[in-house]
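For the single chain, residues carry numbers from 1 onward in sequence order.
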Amino acid sequence: MINDYIQKNRDKFLKELFELLRIPSISADSNYTGSMAATAEYLSKSFTDLGADRVEIMPTYGHPVVYAEKIVDESLPTILVYGHYDVQPPDPLDLWDSDPFEPVIKKTKIHPKGAIFARGACDDKGQMYMHVKAFEAMMATDKLDCNVKFIIEGEEEVGSENLEDFIRENKEKLAADVILVSDTGMLSMETPSITVGLRGLSYVEVEVVGPNRDLHSGLYGGAVANPINILNKMIASLMDDNNRITIPGFYDDVLELSETERAEMAEAPFSEEEYCKTLDIESTYGEKGYSTMERATIRPTLDVNGIWGGYTGEGAKTVIASKANAKISMRLVPNQDPDKITKMFKDYFESIAPKGVKVKVTPHHGGDPAVTSPGSIEYKAASLAIQDSFGKKPIPIRSGGSIPIVALFEKVLGIKTVLLGFGLDTDAIHSPNEHYGVENYFKGIETIPLFFEHYAKLKQD
Ligand code: BES
Ligand code: MN
Ligand code: MN
């Protein structure tokens, strides 16, 4: 019944997602505040039109949160769906093959039935909107087996900084049995998986300042500390020859996986060759003693995300810049604490600066790592739902990405999350030409009502 409804409405479901993708909801850029509000409006209207009983656009100090709910029967379990309507900035624009805010469907090797190319197609408008369409299908066919609440935020890509206060202030409203999130991926359509681990994050910006003005590199070169040279040296020293992070104490709280757990992880299908091929690299690179999958999921990392300073215009300019900057992210694993790591970084980075420069470390947002249990009711419900829709039992996997609110939801609301994501690592989220498989979109819409059904049943037993 539900599937008939979804099949009949394929074109409509795509058309509506396209409308949503056309609104450039870039949370990081204040020029788009109007588009953020328009996206919130679009969503709240969708919820109202579909018959949600309480729909609100709730202001925060930043971008608004869209809230909606449908309480069918107080005695039924309540599912709180979380998603985000904001997207990453699309630049560099010249690397896109089509307009990031004018979605088009194109076939790819990995998506032979077509993929939707647009910023936010996968992260997270496409995945979030599957829940709106699943809600529509359940309402239209009178098959809503659980109460449902939606909280769709507009600041995930800038660190969800106002969400903690928001959930603290709205504890009662957000009361639920489980949180359902589609903002992660699966291994492939042939090997469905459920994410059971996310990394945490500590993000810092550093500045190295030398002389009080830019200098002629001939007159002064060799006699003063060049902030760009020094910054590079300092950054390079943060990793040793085995690609281990040298910050004292950095690994102290890392929860090592047992040999059994590592062996289990290694059973997930993964081809190093394919991995390299899709990235046009000859070889992978990383911490000694760990596999590629381990390096990208269960091990902490340190990466420069951006670095700037000095002359970068056309031709040559002989100059020693007065300062140099970099943005650095550290991905964290259970049980590392982002605040502790940020402080460790700051203390160490300041301590390795040579005389002749001043160093400033500014922390940006952070987030706790999260793990969920494959033994839980919600995991079982998700597993059964995927088994029904994909015809295969999913395997649990750890992901390298971060969704800081998952740990926050558990801490503040005491509610566990299930990560029912349908993206693929190759979908180029945050990159030019982001896309989302058309089949992934519809499989998601099909799987969500099955989750509701299985969850309601398992909760009753
Ligand atoms: N949806 C992603 C996180 C993600 C993607 C997790 C794929 C697992 C698989 C989310 O929107 C994101 O980009 N998070 C940020 C962190 C945030 C604090 C800016 C990230 O991981 O960089
Ligand atoms: Mn996301
Ligand atoms: Mn993202």
N/O donor-acceptor pair under 3.5 Å between Q127 side chain and T184 backbone: yes
Minimum side-chain heavy-atom gap I397-I194 below 4.5 Å: no
Between atom CD1 of I79 and atom CD of E378, what is the distance when rounded to the nearest 0.5 Å? 10.5 Å
Heavy atoms of other groups near K107 NZ, more than 12 under 6.0 Å: no
Heavy atoms only: give me the nearest L17-G126 pair and the separation to one decimal. CD1-CA, 3.7 Å
Using salt bridge (charged side-chain N to carboxylate O under 4.0 Å, His left out), reason through D347 and K343 one step at a time and then give a plain yes or no. CA-CA 6 Å; D347 291 347; K343 185 169 183 318; 2.7 Å; yes
For Y129, the ring pair (Phe, Tyr, Trp, His ring centres under 6.0 Å) test, sequence neighbours excluded, returns none
Identify whether the distance between the nearest side-chain nitrogen and carboxylate oxygen of R295 and E287 falls below 4.0 Å. no
Is the positively charged end of R119 above the ring of F101, judged by distance under 6.0 angstrom from the centroid and angle within 45° of the axis? no
Counting C-beta onward and ignoring hydrogens, is there a side-chain heavy-atom pair between L201 and P338 closer than 4.5 Å? no
Go through the steps to decide whether D99 and L93 satisfy the test side-chain contact (heavy atoms from CB on, under 4.5 Å), and finish with yes or no. CA-CA 8 Å; D99 184 336; L93 279 175; over 6 Å; no
Assess whether atom OH of Y32 is packed by more than 12 heavy atoms of other residues, nucleotides or ligands within 6.0 Å. no
Just by distance, no angles: are the side chains of H84 and E155 close enough, under 3.5 Å, to form a donor-acceptor pair? no
With a 4.5 Å cut-off on side-chain heavy atoms, are P369 and R199 touching? no
Short side-chain donor-acceptor distance under 3.5 Å, T426 and T278: no
Testing the basics here: between P92 and W96, what is the closest heavy-atom pair and its distance to 0.1 Å? O-CD1, 3.6 Å
Does the side chain of I26 come within less than 4.5 Å of D86's, by heavy atoms? no
Please list, chain by chain and in numerical order, all residues satisfying ring pair (Phe, Tyr, Trp, His ring centres under 6.0 Å) with F166, sequence neighbours excluded. none
In terms of heavy-atom contacts, does CG of N305 have more than 12 from other residues, nucleotides or ligands at under 6.0 Å? yes
Kindly indicate, with the supporting measurements, whether the criterion side-chain contact (heavy atoms from CB on, under 4.5 Å) is fulfilled by M128 and D183. CA-CA 7 Å; M128 172 268 288; D183 194 22; over 6 Å; no
From F135, Y67, Y85, Y82, residue fulfilling ring-ring contact (aromatic ring centres under 6.0 Å, His included) relative to F150: F135
Do the charged groups of R398 and E294 touch, with an N to O distance under 4.0 Å? no
Would you indicate whether K45, at its atom NZ, is surrounded by more than 12 heavy atoms from other residues, nucleotides or ligands within a distance under 6.0 Å? no
Set out, in order, the CA-CA distance, both residues' side-chain angles and the distance that settles side-chain contact (heavy atoms from CB on, under 4.5 Å) for L180 and L420, then state yes or no. CA-CA 7 Å; L180 178 62; L420 191 61; 3.9 Å; yes
Atom NZ of residue position K323 - does it have more than 12 heavy atoms of other residues, nucleotides or ligands inside 6.0 Å? no
Assess the side chains of H365 and E161: does a donor N or O sit below 3.5 Å from an acceptor N or O? no
With a 4.0 Å cut-off, would you call E410 and K416 a salt bridge? yes
Between K277 and E273, does any side-chain N to carboxylate O distance fall below 4.0 Å? no
Salt bridge or not for R262 and E259, using N-O below 4.0 Å? yes
Does one side chain, of D145 or H454, offer a donor that lies under 3.5 Å from an acceptor on the other? no
Carboxylate-amine/guanidinium proximity below 4.0 Å for K340 and D253: yes
Give, for atom CZ of R299 and atom CD1 of I245, the distance between the pair rounded to the nearest 0.5 Å. 8.5 Å
Within the 4.5 Å heavy-atom criterion, are I415 and T417 side-chain neighbours or not? no
Report the C-alpha distance between F452 and I448 in whole Å, list the side-chain angles of each, state the deciding distance to 0.1 Å, and finish with yes or no for side-chain contact (heavy atoms from CB on, under 4.5 Å). CA-CA 6 Å; F452 277 56; I448 292 161; 3.7 Å; yes
Residues G154 and S27: closest non-hydrogen pair is O-CB, 3.3 Å
Using the rule given for salt bridge (charged side-chain N to carboxylate O under 4.0 Å, His left out), can you reason through E446 versus R10, listing the C-alpha separation, both sets of side-chain angles and the distance that settles it, and then say yes or no? CA-CA 11 Å; E446 225 180 275; R10 275 176 77 99; over 6 Å; no
Do T39 and K125 get their side chains close enough for a donor-acceptor pair, meaning under 3.5 Å? no
Distance, nearest 0.5 Å, that separates OH of Y311 from CD1 of I228: 13.0 Å
Counting only heavy atoms not in D94 (residues, nucleotides, ligands), do more than 12 fall under 6.0 Å from its CG? yes
Please work out which of the three classes, parallel, tilted or perpendicular, describes the rings of F390 and F422, given edges at 30° and 60°. parallel
Above 12 or not: heavy atoms from other molecules or residues under 6.0 Å from CG of N3? yes
Does any part of the side chain of C122, heavy atoms only, come nearer than 4.5 Å to the side chain of H435, both counted from C-beta? no
